[in-house]
Chemist: 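Before we start, here is the structure in question, set down as structure tokens.
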Amino acid sequence: MNKIIAQSIYDDLKKVIVNPKCELDYNNMYELIIAVILSAQCTDKRVNIVTKQLFLKYPTVQDLAQADIFDVISIIKPLGFFNMKAKNIIACANDIVANYNGQVPNDMEELIKLHGVGRKTASVVLAEGYKMPAIAVDTHVNRVSNRIGLSNSQNVLDTEMMLKKWYKKEDWANVHSTLLLYGRYYCTAHKPQCHSCLIKDRCKYYNENSK
Ligand code: SF4
């Protein structure tokens, strides 16, 4: 892999994933960070159904900070891991109210201090919500990056660093969304659509498995 090949891969993937967008519904930073926390191990579609109800009941971060955990659990139950997720989103809301004056911070170091927020969630908030350069590496981004050969590590931080090495800072947020959606719809975990893939000639996985 080198920067020229990496760029050509991204250019071709952009022809398939045109204008990539976050598939979580949100209206403000509070809703975005809560939706991203809830999306762990769950589809965005399902999260959107639940958050519609959740944000109707708790329209502000202050409302969620004061919520009764059992009421929250009853709403988010369809998402799985509901005990932990309910605890985390209420604690996160409390952190934002108590330490950030009700505003979601726009800084990685501060974001990862919030309950339930790891580097991946923080990167999504920065890139999607604040339009800042960040690459969130989730299971799709990691799988696709490793298959293609953009990364050679299952460690998400290593993959993030390698992607940041290949691509220009101004493209980081879109590189994330493009790889994520390509992984979600084309280079899927169990049935990658290699036959019609525009980058198969440069893909490590294809070249190793097509013979
Ligand atoms: S060739 Fe196959 S494995 Fe490689 S990126 Fe395309 S779909 Fe994924």
Side-chain angles (χ1 to χ4, degrees), residues 1-26 32 35-51 78-81 118-129 131 133-211:
M1 188 57 59
N2 60 47
K3 277 193 179 186
I4 294 171
I5 296 176
Q7 186 61 42
S8 77
I9 286 168
Y10 175 49
D11 289 341
D12 278 345
L13 292 183
K14 279 193 292 183
K15 293 174 190 159
V16 183
I17 307 296
V18 181
N19 203 9
K21 281 200 182 80
C22 174
E23 294 183 328
L24 289 169
D25 294 339
Y26 68 96
L32 175 63
V36 180
I37 295 173
L38 292 176
S39 70
Q41 317 276 333
C42 187
T43 64
D44 288 357
K45 222 180 214 173
R46 198 174 276 194
V47 173
N48 290 339
I49 296 170
V50 162
T51 50
L79 302 181
F81 304 100
R119 198 173 170 86
K120 190 208 81 180
T121 298
S123 295
V124 175
V125 168
L126 291 174
E128 172 65 25
K131 310 297 173 207
I135 300 184
V137 179
D138 69 350
T139 173
H140 296 298
V141 175
N142 207 21
R143 180 182 67 253
V144 175
S145 300
N146 274 279
R147 278 183 178 165
I148 296 172
L150 290 167
S151 171
N152 57 11
S153 168
Q154 292 306 320
N155 178 292
V156 289
L157 188 58
D158 289 344
T159 296
E160 179 186 329
M161 294 310 152
M162 282 187 241
L163 291 172
K164 285 180 170 173
K165 193 178 82 178
W166 300 130
Y167 296 109
K168 291 180 282 192
K169 220 170 179 177
E170 60 263 35
D171 287 334
W172 287 357
N174 266 341
V175 164
H176 152 79
S177 322
T178 304
L179 291 174
L180 183 149
L181 295 173
Y182 200 71
R184 191 175 282 171
Y185 297 113
Y186 299 94
C187 188
T188 57
H190 301 299
K191 262 196 169 177
Q193 296 177 27
C194 300
H195 57 284
S196 59
C197 181
L198 290 180
I199 60 160
K200 62 181 177 222
D201 58 319
R202 285 148 286 165
C203 175
K204 187 167 141 255
Y205 175 94
Y206 182 79
N207 285 308
E208 287 174 358
N209 292 285
S210 64
K211 288 160 189 131

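We're numbering straight along the sequence, starting at 1.
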Chemist: Which heavy atom in Val144 sits nearest to a heavy atom in Gly183, and how many Å separate them?
Modeler: CG2-CA, 3.4 Å
Chemist: Please report the interatomic distance NZ(Lys204) to CD1(Ile148), rounded to the nearest 0.5 Å.
Modeler: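 The distance works out to 10.5 Å.
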Chemist: Any chance you could measure Ser153, atom OG, to Asp158, atom CG, to the nearest 0.5 Å?
Modeler: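 Atom-to-atom, Ser153:OG and Asp158:CG are 3.5 Å apart.
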Chemist: Short question: side chain of Asn48, backbone of Asp25 - any donor-acceptor pair under 3.5 Å?
Modeler: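 Pair found, side chain donor or acceptor close to backbone of Asp25.
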Chemist: Can Ser8 and Arg202 be said to form a side chain to side chain contact (heavy atoms under 4.5 Å, CB included), step by step?
Modeler: CA-CA 9 Å; Ser8 77; Arg202 285 148 286 165; 3.0 Å; yes
Chemist: First locate atom CH2 of Trp166, then atom CE of Met161, and finally report the distance between them rounded to the nearest 0.5 Å.
Modeler: 14.5 Å
Chemist: Would you name the heavy atoms of Arg143 and His140 that are closest together and state the gap between them?
Modeler: NH2-ND1, 3.0 Å
Chemist: So Leu150 and Met1, side chain to side chain contact (heavy atoms under 4.5 Å, CB included) or not? Walk me through it.
Modeler: CA-CA 7 Å; Leu150 290 167; Met1 188 57 59; 3.8 Å; yes
Chemist: Looking only at heavy atoms, which two atoms of Arg147 and Pro192 are closest? And how far apart?
Modeler: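 The pair with the smallest heavy-atom distance is NH1-CB, 3.5 Å.
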Chemist: Could you tell me which residues satisfy ring-ring contact (aromatic ring centres under 6.0 Å, His included) with Tyr167, sequence neighbours excluded, listed by chain and number?
Modeler: Tyr10
Chemist: For the atom pair CG (Asn146) and CG (Asn152), what is the distance rounded to the nearest 0.5 Å?
Modeler: 7.0 Å
Chemist: Any side-chain heavy atom of Leu38 sitting closer than 4.5 Å to one from Leu24?
Modeler: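 Leu38 vs Leu24: side chains apart.
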Chemist: Could you tell me whether the side chain of Ile5 reaches within less than 4.5 Å of the side chain of Ile9, counting heavy atoms only?
Modeler: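 A side-chain contact under 4.5 Å exists here.
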Chemist: Is any side-chain heavy atom of Val141 less than 4.5 Å from a side-chain heavy atom of His176?
Modeler: yes
Chemist: Between Val47, Thr121, Val124, which is the residue that forms a side chain to side chain contact (heavy atoms under 4.5 Å, CB included) with Ile37?
Modeler: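 Single pass found, and it is Thr121.
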Chemist: Is it true that Glu128 and Lys21 make a salt bridge, defined as a side-chain N closer than 4.0 Å to a carboxylate O?
Modeler: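 Salt bridge: no.
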Chemist: Can you sort out the partners of Arg46 under side-chain hydrogen bond (donor to acceptor under 3.5 Å, both in side chains), two or more places apart, ordered by chain and number?
Modeler: none
Chemist: Can you list everything that forms a ring-ring contact (aromatic ring centres under 6.0 Å, His included) with Tyr205? Sequence neighbours excluded, please.
Modeler: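 In terms of ring-ring contact (aromatic ring centres under 6.0 Å, His included), with neighbours along the sequence ignored, Tyr205 is linked to no residue.
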Chemist: Any side-chain to backbone donor/acceptor pair from Asn207 onto Asp201? Under 3.5 Å, distance only.
Modeler: yes
Chemist: Between the side chain of Lys164 and the main-chain N/O of Trp172, is any donor-acceptor distance below 3.5 Å?
Modeler: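 Not at all, since once roles are kept as given, no pair shorter than 3.5 Å links the two residues.
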Chemist: How long is the span from the CG atom in Leu198 to the CG atom in Leu13, to the nearest 0.5 Å?
Modeler: 7.5 Å
Chemist: Might you point out which heavy atoms bring Pro78 and Val50 nearest each other, and give the distance in Å?
Modeler: CG-CG2, 4.1 Å
Chemist: What's the shortest heavy-atom distance between Ile135 and Ser123, and which atoms?
Modeler: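 Heavy atoms of Ile135 and Ser123 come nearest at O-OG, 3.8 Å.
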Chemist: I'd like to know whether NZ of Lys131 has more than 12 heavy-atom contacts from other residues, nucleotides or ligands below 6.0 angstrom.
Modeler: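 Yes, enclosed.
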Chemist: Does the distance from a Lys or Arg side-chain N to an Asp or Glu carboxylate O, for Glu160 and Arg119, drop under 4.0 Å?
Modeler: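 So Glu160 pairs with Arg119 through a salt bridge.
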Chemist: Decide whether Thr159 and Ser151 meet the rule of one side-chain donor and one side-chain acceptor closer than 3.5 Å.
Modeler: yes
Chemist: Could you go step by step and tell me if Leu163 and Leu179 meet the side chain to side chain contact (heavy atoms under 4.5 Å, CB included) rule?
Modeler: CA-CA 11 Å; Leu163 291 172; Leu179 291 174; 3.9 Å; yes
Chemist: Looking only at non-hydrogen atoms, find the nearest pair between Thr178 and Ile17 and report the distance.
Modeler: O-CG1, 3.9 Å
Chemist: Rounded at 0.5 Å granularity, tell me how far OH in Tyr185 sits from CD in Gln193.
Modeler: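 Between Tyr185 OH and Gln193 CD, I get 12.5 Å after rounding to 0.5 Å.
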Chemist: Side chain to side chain contact (heavy atoms under 4.5 Å, CB included), that's the test. Do Arg184 and Leu181 meet it? Break it down for me.
Modeler: CA-CA 5 Å; Arg184 191 175 282 171; Leu181 295 173; 4.1 Å; yes
